[in-house]
Amino acid sequence: MTRHPGPRAPRRTASPVLLFLAALLALLPALSVLTAPGARAADGDPAVSLSKKEAGKGGEITVSGSGWRAEALLMLLICGQSTPERGVVGGTNSCANADGRAVTTDKKGAFSKKLPVTEPPKPCPCVVHVATVTGEQALADAVFTVAGHPVADLPEQTGGGKLAVLATTRLEGDSSLLTWFGAPPARRLVFTVGNLGSAPVKDPVFEIGTAHGVYAPQWEERQWRGTVAPGAKAQIKLPVELSAGAHGDYQVSLRYGEKVLAEQPWGVGRPWGVTLFWVLLCLVVPAAVFRIGMAVVDKVRPRPVGSHRTRTQATRRRPKRRGRTGTGAGRDATTAPGATPEATANATANATATTDATTAVLPWFTPDSAPAENRPRPTTKGQA
């Protein structure tokens, strides 16, 4: 008995799509290896390196960094009384702020900038301090020695002290008249702190941040001179100032170390004096320009021929004062003692000419209404 083999099942061949997916999965580890260094550089801790570890005043070093946020604005400073472990003791008051440099990182978070070597206000140990100016705070320090600069031990660390705000913060002060015209608004942030630690806190350095709208706060360091003993409390007043012309709703924040202790809203009025000034300027300047233009036009416009001569003659020709009658002058001349007949005739002719000229110049007089010598005088009551 023989077996007849049945029909064979067809072989299944892998489709091209499956082969492509398998090849892509095989290449994924290699792609991750190629892209890993760049990702680590962008997501790692910020790093700073120096071209020289020591240099004297007047020299120059190159500061390089990596691992920073892309396109971030950084500030480079040489600070005294600082170490990478403890940071900058005393804040930026220990740094040469006037000779610092600013730099912006590239898209990979790296930078390179030349920094002049200057002596910080505090003795060494020194560092090159690099910190972000805006946005999320990040910083890094690199050990550096300023040749010829004094060296001193760091102040004792008082890590046992811990400050906390015990009462509600408030803003003191009023706006002056200059603030109404755009001067920087200024207040004092008043708060009470208590030392909850076991060690005294001496000359603490606070940070005051002002934020407007959705923008991140701009932090400024404020140092308070004094000591807060363990278990004691102290009232602290720190100045707060905004930029010129600032108005709207602001948020004032108080930070000590890495912790925000308090926040206080601040509503700043609009400087209406500036608006009034521009409104008056827009009204006064066009009016003054119009007046000047009209004066110039009146000065340079052409005059009609003979107008000046006619005006001069009319001004010079003025009627003479007369008595009650137009023939007063003639009567005086004729009645004067010793007058000759020729003088009397001339005086009479002059008086007649003057009366005619008066009648011609003053049209509201008519010959009938002019006074006459022979007209009978009106009689009064009780006279014959």
Side-chain angles (χ1 to χ4, degrees), residues 72-75 77 90-100 102 104 121 131-137 163-194 203-226 228 233-289:
L73 181 61
L74 307 179
M75 178 62 71
L77 298 171
T92 55
N93 293 332
S94 303
C95 305
N97 299 312
D99 299 300
T104 303
T132 55
V133 178
T134 59
E136 184 180 357
Q137 186 179 19
L163 296 181
V165 175
L166 303 180
T168 305
T169 60
R170 67 180 185 274
L171 292 171
E172 289 185 351
D174 297 323
S175 299
S176 62
L177 181 62
L178 296 179
T179 306
W180 202 64
F181 287 93
R187 294 289 189 276
R188 291 187 304 274
L189 182 64
V190 182
F191 57 96
T192 303
V193 296
D203 298 339
V205 178
F206 297 93
E207 289 182 293
I208 301 294
T210 54
H212 180 54
V214 298
Y215 295 99
Q218 303 292 329
W219 298 98
E220 295 183 2
E221 293 182 351
R222 296 285 188 271
Q223 187 173 16
W224 181 73
R225 298 293 181 179
V228 184
K233 61 180 181 180
Q235 187 182 56
I236 300 176
K237 298 181 179 181
L238 300 177
V240 183
E241 185 176 358
L242 302 178
S243 58
H247 62 277
D249 296 329
Y250 283 81
Q251 187 81 11
V252 180
S253 303
L254 174 67
R255 185 169 67 181
Y256 180 69
E258 299 296 332
K259 182 180 179 182
V260 177
L261 300 181
E263 293 181 347
Q264 178 70 28
W266 183 9
V268 184
R270 183 181 293 274
W272 292 107
V274 179
T275 305
L276 179 62
F277 169 77
W278 285 110
V279 170
L280 293 178
L281 188 66
C282 293
L283 294 177
V284 172
V285 171
V289 172

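Keep in mind that the numbers below use all heavy atoms, side chains included, and drop hydrogens, waters and symmetry copies.
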[X] side, atom [atom1]; [Y] side, atom [atom2] - distance, nearest 0.5 Å:
X      : Y      : atom1 : atom2 : answer
Leu171 : Tyr250 : CG    : OH    : 13.5 Å
Leu254 : Gln264 : CG    : CD    : 11.0 Å
Leu189 : Ser253 : CG    : OG    : 9.5 Å
Leu74  : Thr132 : CG    : OG1   : 7.0 Å
Trp266 : Asp249 : CH2   : CG    : 12.0 Å
Gln235 : Thr192 : CD    : OG1   : 5.0 Å

Work out which heavy atom in [X] is nearest to a heavy atom in [Y]; give both atom names and the distance.
X      : Y      : answer
Pro185 : Ser243 : CD-O, 3.6 Å
Val268 : Ala246 : CG1-O, 3.3 Å
Gly248 : His212 : CA-CE1, 4.1 Å
Lys233 : Leu166 : CB-CD1, 3.8 Å
Pro184 : Glu241 : CB-OE2, 3.4 Å
Ala262 : Thr169 : CB-CG2, 3.6 Å

Run the side chain to side chain contact (heavy atoms under 4.5 Å, CB included) check on Phe206 and Leu163 step by step: do they pass?
CA-CA 11 Å; Phe206 297 93; Leu163 296 181; 3.9 Å; yes
Within the distance-only criterion (no hydrogens, no angle test), does the side chain of [X] pair as donor or acceptor with the backbone N or O of [Y] below 3.5 angstrom?
X      : Y      : value
Asp203 : Arg225 : no
Glu172 : Val190 : no
Arg187 : Gly173 : yes

Phe181 vs Leu276, side chain to side chain contact (heavy atoms under 4.5 Å, CB included): CA-CA, chis, key distance, verdict: CA-CA 9 Å; Phe181 287 93; Leu276 179 62; 5.8 Å; no
